[in-house]
Structures are given as structure tokens and as C-alpha cells.
A.B. asks: 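Handing you a structure now.
Computation of the quantities below employed the complete heavy-atom set of this structure, encompassing side-chain atoms and omitting hydrogens, waters and symmetry-equivalent molecules. This one's a predicted model, so the numbers in the text were calculated from it and none came from an experiment.
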Amino acid sequence: MDRRKPRLPHGPPRPAPAAAAPADVTHGFRAGLAVFDARPNDVVRVAHARELRQDLAGLRRWAAAHRVPCVEADDAELERLAGGSHHEGLCIVARPRRWLSASELGDLLERNRGCALALDRVRNPYNIGAMVRTTAFFGLDAALLGAPAPHPGLPPAAVRVAQGGAERVELARTTDLADTLARLRARGVRVFGADARGRTAATDARFARPSVLVVGNEREGLAERVRAQCDELVAVRGSGAVESLNVAVAAGILLAEMAAKRGRGS
């Protein structure tokens with residue numbers, strides 16, 4: 001066995017290579033185009049299927065003019081970037097989106113007399129994406145993601161399912177939703193909790209502004225601390241044949257009511 005000491009390099013040690021800048025990968029045709037439309041300066045790389053050349057002609061020209069790599073990729077490469085097969089032929093690599101702080105969310109709701117959706121420990125990315133899409137569809141101001149640490153974010157699948165909605169509403173996040181709601185209430189924001197046993201029917205709720213609608217975990221509903229911060233619990237009334245609705249469906253009904261009453265100035 002060679003027991004000689006390893007030879008050390010001459011001169012000062014080399015600095016460690018700089019860490020790569022963090023980036024988000026958005027996959028899905030409409031979701032990807034929404035990133036390009038909303039924040040093109042954040043786009044750092046584009047990969048797409050060959051059959052989308054014509055559909056992405058404008059994006060390809062922009063990328064060439066701005067020296068942003070834009071490459072045709074086979075299905076295997078797109079699956080690698082997207083982390084799955086549901087890439088729809090387009091992956092956009094971009095700088096991370098900006099999240100509002102709780103204070104900035106409060107400022108936004110006060111300024112606009114606005115409405116937001118808050119998610120209490122909702123885990124299914126398809127439900128999250130559907131609700132973000134619905135929030136954007138009805139023109140609400142923001143979505144607030146609440147979950148214990150690590151800090152909640154938008155799963156890539158949720159961004160795809162949102163079909164561009166993640167770029168059309170402001171996004172905030174918190175690891176203590178109850179505390180964040182308490183801070184918003186202190187600023188005059190009214191908090192409505194979605195609860196199948198709520199006393200107020202969705203059709204009767206006034207949804208005073210500014211306001212936040214909170215929906216709970218798919219299995220457990222609203223956490224007790226979050227429920228305690230709700231000024232009113234609102235229910236979607238059904239026939240009783242089943243106990244409750246899917247959380248994204250229930251949120252859609254409530255957000256439609258919230259948007260309609262907002263439009264009537266209630």
C-alpha cells in the first residue's frame with residue numbers, strides 16, 4: 001500500500017465554485033407562456049418539443065433577440081426537466097417568483113379593498129393549482145399559502161394545473177397561517193372560513209371587503225387555531241347525500257359568490 005502523503009497544490013486554495021442561481025422550472029404550455037408574458041426578464045432558458053415550433057414562434061424570436069437559450073428537446077429531456085410526463089411540450093426555466101410578505105398582502109387588500117384566498121395545509125398539488133386558477137379567473141387579488149415549515153411554495157404540478165393563474169394573482173406564504181390571519185384582522189381584513197358545518201350559507205354570506213376566504217386541509221378541514229381567527233364560518237349547502245365537497249370545488253363555489261358580491265359593492 002502506498003502510504004505517501006498526497007501532494008498539495010501550489011499556491012492559495014481555489015475558491016469554491018459559485019452556487020448556481022436558484023431557478024423555477026415551469027412546465028405546461030399555458031403555464032409556461034404565462035411566465036413569459038408576465039415576467040419575461042426572469043426567463044433564463046426554454047426547452048420545447050419540435051412540434052411546437054410554430055406555436056412558440058414569438059417566444060423563439062424573443063429568446064434569440066435576448067440571447068436566452070431556447071432549444072428543441074426530445075421527450076426524455078422534457079420529462080427530466082419537468083420531473084414527469086405532463087410537460088405538454090414546454091419547460092421554462094426562470095428566476096424564482098417573488099412572494100408577498102404578510103405586511104405587503106395587508107397593504108394590497110387595504111388598498112384595493114380586495115379579496116384573497118388562503119389555503120390551510122392543503123397538500124394536493126392538483127387542488128392547489130385548481131384553486132389558484134379559480135382565484136385568477138374570478139379576478140381576486142391574491143392567494144396565501146399556509147403550511148408548517150419548510151416554507152410552503154407552489155409545487156410545479158400546481159403551477160401547470162393553474163394554467164397561467166399563478167402569474168395572474170399575487171402570491172404570499174406563511175408557516176403560521178393563524179398568526180398571519182390575526183395580523184390581517186388587526187388591519188380590518190375580515191376572515192371567512194369554509195366549513196361544511198358553518199352557520200352561514202354561501203348564498204347568504206356578505207363577504208365584506210377587504211376579506212380573506214380560508215379553506216382547510218383535504219381531510220381535517222380548518223385547524224383549530226385558524227378556525228379561531230375566522231370572523232364567520234361559511235358553508236356550501238348540499239342535498240346531504242355526501243358529507244362534503246372536494247376542497248377545490250367548494251372553494252370555486254365560494255370564490256364565485258365572493259366575486260359576485262364584490263362586483264355588487266357589498
A.B. asks: Through direct or indirect side-chain contacts below 4.5 angstrom among Ile, Leu, Val, Met, Phe, Trp and Tyr, which residues connect to Leu78?
C.D. replies: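 The other cluster members (ILVMFWY side chains, heavy atoms under 4.5 Å, direct or chained): none.
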A.B. asks: Please tell me if the side chains of Glu220 and Arg121 come closer than 4.5 Å, counting only heavy atoms from C-beta onward.
C.D. replies: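 In contact.
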A.B. asks: Measure across Cys230 and Leu222 and return the closest heavy-atom pair with its distance rounded to 0.1 Å.
C.D. replies: SG-CD1, 4.3 Å
A.B. asks: Hydrophobic clusters here meaning ILVMFWY residues chained together by side-chain heavy-atom distances under 4.5 Å, can you tell me if Val247 and Val226 are in one?
C.D. replies: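 No; Val226 is not reachable from Val247 via cluster members.
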A.B. asks: State the CZ-CG distance between Arg133 and Leu255, to the nearest 0.5 angstrom.
C.D. replies: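 Rounded to the nearest 0.5 Å, the CZ-CG separation comes out at 14.0 Å.
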A.B. asks: Hey, quick one: are Leu140 and Leu119 part of the same hydrophobic cluster, counting side-chain heavy atoms closer than 4.5 Å, chains of contacts allowed?
C.D. replies: yes
A.B. asks: Apart from Val35 itself, what residues make up its hydrophobic cluster, given side-chain heavy atom links below 4.5 Å?
C.D. replies: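 Cluster partners of Val35: Phe29, Leu33, Phe36, Val43, Val46, Leu52, Leu56, Leu59, Trp62, Val68, Leu90, Ile92.
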A.B. asks: Carefully, step by step, assess Asp55 and His48 under the rule side chain to side chain contact (heavy atoms under 4.5 Å, CB included).
C.D. replies: CA-CA 10 Å; Asp55 295 312; His48 65 86; over 6 Å; no
A.B. asks: If you measure from CZ on Arg39 to CG on Asp37, what distance do you get to the nearest 0.5 Å?
C.D. replies: 11.5 Å
A.B. asks: How long is the gap from CZ on Arg185 to OG on Ser211, to the nearest 0.5 Å?
C.D. replies: 13.0 Å
A.B. asks: Measure the spacing between OG1 of Thr203 and CD of Glu257 and express it to the nearest 0.5 Å.
C.D. replies: 6.0 Å
A.B. asks: Between Val71 and Arg45, is a side chain to side chain contact (heavy atoms under 4.5 Å, CB included) present by the stated rule, with each step listed?
C.D. replies: CA-CA 8 Å; Val71 299; Arg45 185 179 177 223; 3.9 Å; yes
A.B. asks: Would you call Glu167 and Arg97 a side-chain contact if the rule is heavy atoms closer than 4.5 Å?
C.D. replies: yes
A.B. asks: Which residues pass the side-chain contact (heavy atoms from CB on, under 4.5 Å) test with Asn124, not counting sequence neighbours?
C.D. replies: Tyr126, Asn127, Glu218
A.B. asks: Quick check: closest heavy atoms across Cys115 and Leu109, and the distance to 0.1 Å?
C.D. replies: N-CD2, 3.7 Å
A.B. asks: Check Phe138 against Ala256 and note the closest heavy-atom contact, atom names and distance.
C.D. replies: CZ-CB, 3.5 Å
A.B. asks: Locate the shortest heavy-atom distance separating Asp120 from Gly221; write the atom from each residue and the value.
C.D. replies: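 The pair with the smallest heavy-atom distance is OD2-O, 4.0 Å.
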A.B. asks: Is the side chain of Glu243 donor-acceptor paired with the backbone N or O of Gly240 at a distance under 3.5 Å, no angle test?
C.D. replies: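 No, Glu243 side chain to Gly240 backbone: no donor-acceptor pair under 3.5 Å.
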A.B. asks: Quick check: do Trp99 and Leu145 have side-chain heavy atoms less than 4.5 Å from each other?
C.D. replies: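 Yes, at least one pair of side-chain atoms sits under 4.5 Å.
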A.B. asks: Any sub-3.5 Å donor-acceptor pair from Asp24's side-chain atoms to Ala94's backbone N or O?
C.D. replies: no
A.B. asks: To the nearest 0.5 Å, what is the distance between CZ on Arg187 and OG on Ser103?
C.D. replies: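 Answer for the CZ-OG pair, Arg187 versus Ser103, is 5.0 Å.
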A.B. asks: Any side-chain heavy atom of Asp75 within less than 4.5 Å of one from His87?
C.D. replies: yes
A.B. asks: Ignoring hydrogens and angles, tell me if any N or O in the side chain of Asp141 forms a donor-acceptor pair with the backbone of Ala116 under 3.5 Å.
C.D. replies: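 Side chain of Asp141 to backbone of Ala116: no pair is present.
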A.B. asks: Tell me whether Met131 is reachable from Phe137 by hopping between hydrophobic residues (I, L, V, M, F, W, Y) whose side-chain heavy atoms are closer than 4.5 Å.
C.D. replies: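 The answer is yes; both residues are in one hydrophobic cluster.
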A.B. asks: Is it true that His66 and Asn41 share a donor-acceptor pair across their side chains at a distance under 3.5 Å?
C.D. replies: no
A.B. asks: Kindly check if the number of other-residue, nucleotide or ligand heavy atoms within 6.0 Å of CZ (Arg237) is above 12?
C.D. replies: yes
A.B. asks: Within the structure provided, determine whether Val214 and Leu177 are in side-chain contact (heavy-atom separation under 4.5 Å).
C.D. replies: yes
A.B. asks: Which heavy atom of Ile128 sits nearest to which heavy atom of Val122, and what is that distance?
C.D. replies: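 Distance-wise, the nearest heavy atoms are CD1-O, 3.5 Å.
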A.B. asks: Run the salt-bridge test on Asp176 and Arg225 with the 4.0 Å N-O cut-off and return the result as yes or no.
C.D. replies: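 Judged by the 4.0 Å cut-off on N to carboxylate O distance, Asp176 and Arg225 do form a salt bridge.
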A.B. asks: In Å, rounded to the nearest 0.5 Å, how long is the span from CD of Gln229 to CZ of Arg183?
C.D. replies: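 Gln229 atom CD to Arg183 atom CZ measures 11.5 Å (nearest 0.5 Å).
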A.B. asks: Output yes when Arg190 and Glu232 qualify as a salt bridge under the 4.0 Å nitrogen-oxygen rule, no when they do not.
C.D. replies: yes
A.B. asks: Say whether Leu233 and Phe207 are linked into one hydrophobic cluster, either directly or through other cluster members, by side-chain heavy-atom distances under 4.5 angstrom.
C.D. replies: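 They do not share one cluster, since no chain of ILVMFWY contacts under 4.5 Å joins Leu233 to Phe207.
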A.B. asks: Show, in sequence, the C-alpha distance, side-chain angles and deciding distance for Leu105 and Val212, and conclude whether the side chain to side chain contact (heavy atoms under 4.5 Å, CB included) test is met.
C.D. replies: CA-CA 11 Å; Leu105 175 60; Val212 173; 5.8 Å; no
A.B. asks: Under 4.5 Å between side-chain heavy atoms, hopping through other hydrophobics if needed: is there a path connecting Leu81 to Val161?
C.D. replies: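 No: no chain of side-chain contacts under 4.5 Å links Leu81 to Val161.
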A.B. asks: Closest heavy-atom contact between Arg123 and Pro148?
C.D. replies: NH2-CD, 4.4 Å
A.B. asks: Can we say Arg199 and Asp204 salt-bridge, meaning some charged N sits less than 4.0 Å from an Asp/Glu carboxylate O?
C.D. replies: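 Judged by the 4.0 Å cut-off on N to carboxylate O distance, Arg199 and Asp204 do not form a salt bridge.
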